[in-house]
Amino acid sequence: MITVLPVEGMPEVRPGDEIADLVIASIDLREHDVVVVTQKIVSKAEGRLEAVADDEGRMRLIERESVRVLRRRDELVISETQQGFVCANAGVDLSNVDDGVAALLPVDSDRSARHIRDALVARTGLIVAVVVSDTFGRPWRRGLVDVALGCAGVAAIVDLRGTADTRGRTLQATEVAVADEIASAAELVMGKDRDVPVAVVRGVDASWLREGSVKTEVIRPHNEDLFR
């Protein structure tokens with residue numbers, strides 16, 4: 001059975017803070033827990049914050065963080081970021097930060113996840129995993145969901161191709177984005193309006209607990225992308 005636990009009571013994260021220490025002080029972890037950490041506090045801890053004076057400055061920042069702009073409507077920009085993600089406004093976010101400040105995406109979210117995971121393992125002696133999550137919109141569907149920007153100690157994709165379905169047919173195309181599913185499950189107890197930036201997903205399939213990478217497993221190469 002999978003259980004999702006909010007990590008409540010964490011203090012405001014500042015540049016230079018060690019997120020692992022804040023998590024350990026707030027919840028008792030167990031073997032094989034997956035700790036889901038929002039991009040916002042990772043960006044704060046890593047100092048990925050920049051002053052933004054006005055809308056014009058925000059647009060300059062979005063353009064700087066983009067490698068290409070795919071669509072633009074009024075002040076909404078859909079772009080490909082330097083990290084390879086396709087998202088709104090290059091991930092430049094003004095929510096849950098001080099006025100006049102924007103949070104940028106981590107430079108390498110897989111590396112950020114590994115840092116937090118390694119610190120948790122070193123301090124607790126437990127085998128745990130970490131997912132760095134963020135909120136993305138979706139083409140063709142309304143509403144937002146949390147997805148994985150980076151992961152460590154848990155598969156980003158579980159490849160079921162070549163295995164049999166319940167009727168004995170061989171699966172041809174089934175690759176399950178488990179890191180995204182873990183991030184979405186965690187968001188159910190977090191949310192932008194609850195001041196809960198970390199959640200623990202407990203009870204995941206032990207076979208998922210291996211080294212993973214969102215960058216190498218999830219991001220679709222351009223030659224496989226029918227829409228860019």
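What you see is a predicted model, and the numbers here were worked out from it, not measured in a lab. Values reported hereafter were calculated over all heavy atoms of this structure, with side chains retained and with hydrogens, waters and symmetry mates removed.
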Could you tell me whether [X] and [Y] have a side-chain N and a carboxylate O separated by less than 4.0 Å?
X: Glu12; Y: Lys44; result: yes
X: Asp33; Y: Arg202; result: yes
X: Glu63; Y: Arg68; result: no
X: Glu65; Y: Arg48; result: yes

Non-hydrogen side-chain atoms of [X] and [Y] separated by less than 4.5 Å:
X: Arg58; Y: Glu50; value: no
X: Arg210; Y: Val154; value: no
X: Val42; Y: Ile116; value: yes
X: Leu209; Y: Ile127; value: no

I'd like to know whether [atom1] of [X] has more than 12 heavy-atom contacts from other residues, nucleotides or ligands below 6.0 angstrom.
X: Asp195; atom1: CG; result: no
X: Asp99; atom1: CG; result: no
X: Arg73; atom1: CZ; result: no
X: Arg64; atom1: CZ; result: yes
X: Arg123; atom1: CZ; result: yes
X: Asp54; atom1: CG; result: yes

[Y] reachable from [X] in the ILVMFWY side-chain graph, under 4.5 Å edges:
X: Val176; Y: Val201; value: yes
X: Phe136; Y: Val77; value: no
X: Val132; Y: Leu144; value: no
X: Met59; Y: Ile78; value: no
X: Leu70; Y: Leu76; value: yes

Legend entry - Any donor-acceptor pair under 3.5 Å from Asp110 side chain to Lys215 backbone: yes

Legend entry - Expected output: side-chain Asp180 to main-chain Ala177 donor-acceptor under 3.5 Å: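 Looks like no, no N/O pair under 3.5 Å.
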
Rounded at 0.5 Å granularity, tell me how far [atom1] in [X] sits from [atom2] in [Y].
X: Arg71; Y: Ser79; atom1: CZ; atom2: OG; result: 12.5 Å
X: His115; Y: Ser109; atom1: NE2; atom2: OG; result: 13.5 Å
X: Asp134; Y: Leu149; atom1: CG; atom2: CG; result: 4.5 Å
X: Arg30; Y: Leu126; atom1: CZ; atom2: CG; result: 11.0 Å
X: Trp208; Y: His32; atom1: CH2; atom2: NE2; result: 14.0 Å
X: Leu104; Y: Glu46; atom1: CG; atom2: CD; result: 11.0 Å

Legend entry - Donor-acceptor pair between Ser213 and Glu217 side chains, under 3.5 angstrom: no

Inset, instruction - Would you please test Val121 and Val128 for side chain to side chain contact (heavy atoms under 4.5 Å, CB included) and show each step? - result: CA-CA 7 Å; Val121 171; Val128 296; 4.1 Å; yes

Inset, instruction - Determine, step by step, whether Val131 and Val37 satisfy the side chain to side chain contact (heavy atoms under 4.5 Å, CB included) criterion, reporting the C-alpha distance in whole Å, the side-chain angles of both residues, the deciding distance to 0.1 Å, and the verdict. - result: CA-CA 6 Å; Val131 170; Val37 182; over 6 Å; no

Distance-minimising heavy-atom pair for [X] and [Y]:
X: Val92; Y: Ala102; value: CG1-CB, 3.8 Å
X: Ile219; Y: Gly84; value: CG2-O, 3.6 Å
X: Glu18; Y: Ala119; value: OE2-CB, 4.0 Å
X: Val178; Y: Ala155; value: CG2-O, 3.1 Å
X: Ile19; Y: Ile41; value: CD1-O, 3.7 Å
X: Ala183; Y: Asp146; value: O-CB, 3.6 Å

Inset, instruction - Let me know which of Val67, Asn89, Leu105 forms a side-chain contact (heavy atoms from CB on, under 4.5 Å) with Thr81. - result: Leu105

Legend entry - Test side chain to side chain contact (heavy atoms under 4.5 Å, CB included) applied to Val200 and Val7, step by step: CA-CA 7 Å; Val200 172; Val7 179; 3.9 Å; yes

